[in-house]
Asker: 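Submitted below is the structure of interest, expressed as structure tokens.
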Protein chains: 2
Amino acid sequence: MTINEIAKRANVSRTTVSRVINGSGYVRDELKKRVLQVIEETGYIPSENAKSLRTKKTNIIGVILPKISTETSSRLMNGIDQVLAPKGYQILLTITNQEPAKEIDFLHLLKGRNVDGIILLATHIDEPLREEIKKLKIPFVMVGQEMAGTAGVVLDDFQATYDLVKLFIERGHKEIGFIGVTEEDRAVGYLRKLGYLKALKDNGLEIKHHWIQEGNFDAASGFHATENMADEGELPSAIIAVTDRLAIGAMQYAKGQGLSIPNQLAIAGMGASEISTYIEPQLTTVDFSQVDAGVEAAGILLEQLSGQKTDTVTVKNNYRILVRESI
Amino acid sequence: MTINEIAKRANVSRTTVSRVINGSGYVRDELKKRVLQVIEETGYIPSENAKSLRTKKTNIIGVILPKISTETSSRLMNGIDQVLAPKGYQILLTITNQEPAKEIDFLHLLKGRNVDGIILLATHIDEPLREEIKKLKIPFVMVGQEMAGTAGVVLDDFQATYDLVKLFIERGHKEIGFIGVTEEDRAVGYLRKLGYLKALKDNGLEIKHHWIQEGNFDAASGFHATENMADEGELPSAIIAVTDRLAIGAMQYAKGQGLSIPNQLAIAGMGASEISTYIEPQLTTVDFSQVDAGVEAAGILLEQLSGQKTDTVTVKNNYRILVRESI
DNA sequence: TTGAAAGCGCTAACAA
DNA sequence: TTGTTAGCGCTTTCAA
């Protein structure tokens, strides 16, 4: 069923049908009714595809995610969809599964699909990727990493960690341990560690080597990191972990050793995962509000879509510390 | 940059360029090189859109979800993408936010976008929706609900709940409570309740009215449901909740009352949420393996795509009970 | 082995 | 107020 078929059946030109569908131009009421009638009868649905070819607008936004089943990703998607759907945009979703090479592949793929814009949730960023983004020439917003000359939304990982450490210090802690992740992850690994180190330094606190451990992203590695801390010397009085799961691993270790939380060991995580509210004691954590980040990213994209030249916007997404029982 | 432009620069016809891109038909090596060269230089990316218009194939699969940031959804997406991405399909994602009317809207929308197939994660299913699906005429797979004449993947909610109750009975429990949700949700609300009732009946156990409570999907309502049970009479010795969060709410109530779990009150949930492993005591739950459901759904779709007429497949997805500390 | 011509389903001048 | 014409970027006969 095509527009031509409808036109024939309604005994009008296809232009008229088009006008009826899009509510553009003048159409006599009688004809309009006739056309609408036929459309109704046939269940005709116009091909967006053909339309796009003509109008150069697909109303599709490409989104590139490293993974789908993480709270970060799904919350972000939530925010993005909240903004985009009401404006009539659909989301073409691609998932890299953490393979950096795929980010470039998907950038090409999405461009080939003539998407109106792209949102990339980046975990790392290297030269080839930078290159590719530069020559993209369609509305683009990067989330999670900063890049000169590109619109973006980043979480203020440095400052959030700094503030968290400061909170511990204000509460009288002088021995503060840190469980991080690989610094290749610029946001979670590098910047959060930097915030930690800076806060200690600014407050004249000692930085003990064995109080700084590294895990990957699961609870088990948080457990081992804490174990290592204990094995290599004294445990500090407080530990900050860069993710809630790592923090929960640390908790598990502490509980296993019969240490009371927060009295003998205070623990905080980051990310405001759902688990953090159900664990006992409830985990103090940092809420980065990924939903808002998604909303902001989509908002910036929309601005670009409407022709505004918003180059190099970088919105630092705000965060708040959720103080709960674990400290 | 279009195929015409490339053709002009390489001094060949656009047909030849097309052949080079698609590796179809005969092309002299020299010409091929010349074309490839130009493509490389210009960074040309063919328009999938124009291609689709001609070939009637978009390589896009539409997915309709009730929500994105739930473990069910994201695990399902995971499974779907795992299968579809390697075959060159992209996912066009639409989210209804639980508004039933939108399911039909999106069905139209996706059809208008000429997607090659559609996967719908359904929570309910009424007559208008059934109608719409019937006249869809493109590969379609329904997940989560059964519908005659339509390929689908359902979780065996009835049997899983039945088995869970049986497990309690085998462990000596005779008083088993139930926290459900609205029966409008056929799978989670209706079928699971049915499994519970049938298991009690089959084993000649008493069904006490106040032992059957209803919550929504959050922990707080699980708490209140349990509270109601206690207020309206004696608490049973065991409680089954149809979601982990409800179960966690029940746990919170029990702990607040100083009841020991599982000795004074045994509790099980369903869904194998991540939280269930971190809560204390660890929650016994049913793992429905949504990832597998996604894999199967995508697999069935792929079969339909390759022309196989797989009408009315309904894969009962397997499940397993994760027995942990809470019972 | 290559190219010319037609056409996928739609919109947008333009003319009537 | 309506229709004719051209063309979006591509693939696919068909003929050369």
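In what follows, every chain begins at residue 1, and chains take the letters A, B, ... in the order their sequences are listed. The figures that follow rest on heavy atoms only: side chains count, while hydrogens, waters and symmetry mates do not. For clarity, every value in this text was computed on a predicted model and none was experimentally measured.
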Asker: What parts of residues 9-29 of chain B reach DNA chain C, counting only heavy atoms under 4.0 Å away?
Answerer: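 DNA chain C contact set from residues 9-29 of chain B: B:Val12, B:Ser13, B:Arg14, B:Thr15, B:Thr16, B:Arg19, B:Tyr26, B:Val27, B:Arg28.
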Asker: Rounded to whole Å, please give me the gap between CG in A:Asn49 and C1' in C:dG7.
Answerer: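 The answer, rounded to whole Å, is 15 Å.
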Asker: Quickly work out the A:Asn4 CG to C:dT11 P distance and round it to whole Å.
Answerer: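 Rounding to the nearest Å, CG of A:Asn4 and P of C:dT11 are 11 Å apart.
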Asker: Quick one: does B:Arg186's side chain have a donor or acceptor within less than 3.5 Å of a partner on B:Gly144's backbone?
Answerer: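 Judged by distance alone, no pair lies under 3.5 Å.
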Asker: Can you check the B:Glu48 CD to D:dC10 P distance for me, whole Å?
Answerer: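 The distance from CD of B:Glu48 to P of D:dC10 comes to 10 Å, rounded to the nearest Å.
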Asker: Using the rule given for side-chain hydrogen bond (donor to acceptor under 3.5 Å, both in side chains), can you reason through A:Asn59 versus A:Lys51, listing the C-alpha separation, both sets of side-chain angles and the distance that settles it, and then say yes or no?
Answerer: CA-CA 11 Å; A:Asn59 281 304; A:Lys51 186 172 178 170; over 6 Å; no
Asker: On a heavy-atom basis, which atom in B:Ala50 and which in A:Leu53 lie closest, and how many Å separate them?
Answerer: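 Taking B:Ala50 first and A:Leu53 second, the nearest heavy atoms are CB-CD1, 3.7 Å.
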Asker: Just to be sure I understand the geometry, which residues of residues 39-47 of chain A put a non-hydrogen atom under 4.0 Å away from DNA chain C?
Answerer: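 Within this stretch, A:Tyr44, A:Pro46, A:Ser47 sit under 4.0 Å of the strand.
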Asker: Around atom CD of B:Glu41, are there more than 12 heavy atoms from other residues, nucleotides or ligands closer than 6.0 Å?
Answerer: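 Above 12, so yes.
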Asker: Let me know the distance between CG of B:Asn59 and C1' of D:dC10, rounded to the nearest Å.
Answerer: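 Atom-to-atom, B:Asn59 to D:dC10, this comes out as 15 Å.
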Asker: Side chains of B:Ser18 and B:Thr15 only: does a donor on one sit below 3.5 Å from an acceptor on the other?
Answerer: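 Side chains of B:Ser18 and B:Thr15: no pair found under 3.5 Å.
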Asker: Tell me which residues in residues 106-117 of chain A lie within less than 4.0 Å of DNA chain D, going by non-hydrogen atoms.
Answerer: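 Those residues: none at all.
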Asker: So does A:Lys51 get a side-chain nitrogen or oxygen closer than 4.0 Å to the phosphate oxygens (OP1/OP2) of D:dC8?
Answerer: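 For D:dC8, OP1/OP2 do not have a side-chain N/O of A:Lys51 under 4.0 Å.
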Asker: Round to a whole Å and report the spacing from CG of A:Leu53 to C1' of D:dC10.
Answerer: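 Distance, rounded to whole Å: 8 Å.
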Asker: Within less than 4.0 Å of OP1 or OP2 of C:dT11, is there a side-chain N or O belonging to A:Lys57?
Answerer: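 The answer is no; no side-chain N or O of A:Lys57 sits under 4.0 Å from OP1 or OP2.
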Asker: Within a reach of under 6.0 Å around NZ of A:Lys87, are more than 12 heavy atoms found that belong to other residues, nucleotides or ligands?
Answerer: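 Result for NZ/A:Lys87: open.
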Asker: In whole angstrom, what separates A:Arg54's CZ from C:dG7's P?
Answerer: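 Distance, rounded to whole Å: 18 Å.
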Asker: Is the side chain of B:Arg113 donor-acceptor paired with the backbone N or O of A:Thr58 at a distance under 3.5 Å, no angle test?
Answerer: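 Answer holds: yes.
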Asker: Answer yes or no: are there more than 12 heavy-atom neighbours, outside B:Lys57 itself, under 6.0 Å from its atom NZ?
Answerer: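 Counting other residues, nucleotides and ligands, NZ of B:Lys57 exceeds 12 neighbours.
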Asker: Compare the minimum distances between each of C:dT11, C:dT2, D:dT11 and the side chain of A:Ile3, then state the nucleotide with the smallest one.
Answerer: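 From the listed options, C:dT11 comes nearest.
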Asker: Just how far, in rounded Å, is C1' of D:dC10 from CD of B:Glu5?
Answerer: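 Distance check: B:Glu5 CD to D:dC10 C1' gives 15 Å.
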Asker: Could you check whether any side-chain N or O of B:Thr96 sits under 3.5 Å from a backbone N or O of B:Lys102, counting only pairs where one atom can act as donor and the other as acceptor?
Answerer: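 Side chain of B:Thr96 to backbone of B:Lys102: no pair is present.
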Asker: What is the distance, rounded to the nearest whole Å, between atom NZ of B:Lys32 and atom C1' of C:dT2?
Answerer: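 So the two atoms are 14 Å apart, to the nearest Å.
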Asker: Heavy-atom count around A:Glu40 CD within 6.0 Å, excluding the residue itself: above 12?
Answerer: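 For A:Glu40, atom CD is not crowded (no more than 12 foreign heavy atoms under 6.0 Å).
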Asker: Do B:Arg130 and B:Glu127 pass the side chain to side chain contact (heavy atoms under 4.5 Å, CB included) test, and can you show the C-alpha distance, the side-chain angles, and the key distance before you say yes or no?
Answerer: CA-CA 5 Å; B:Arg130 215 182 298 267; B:Glu127 202 41 41; 3.2 Å; yes
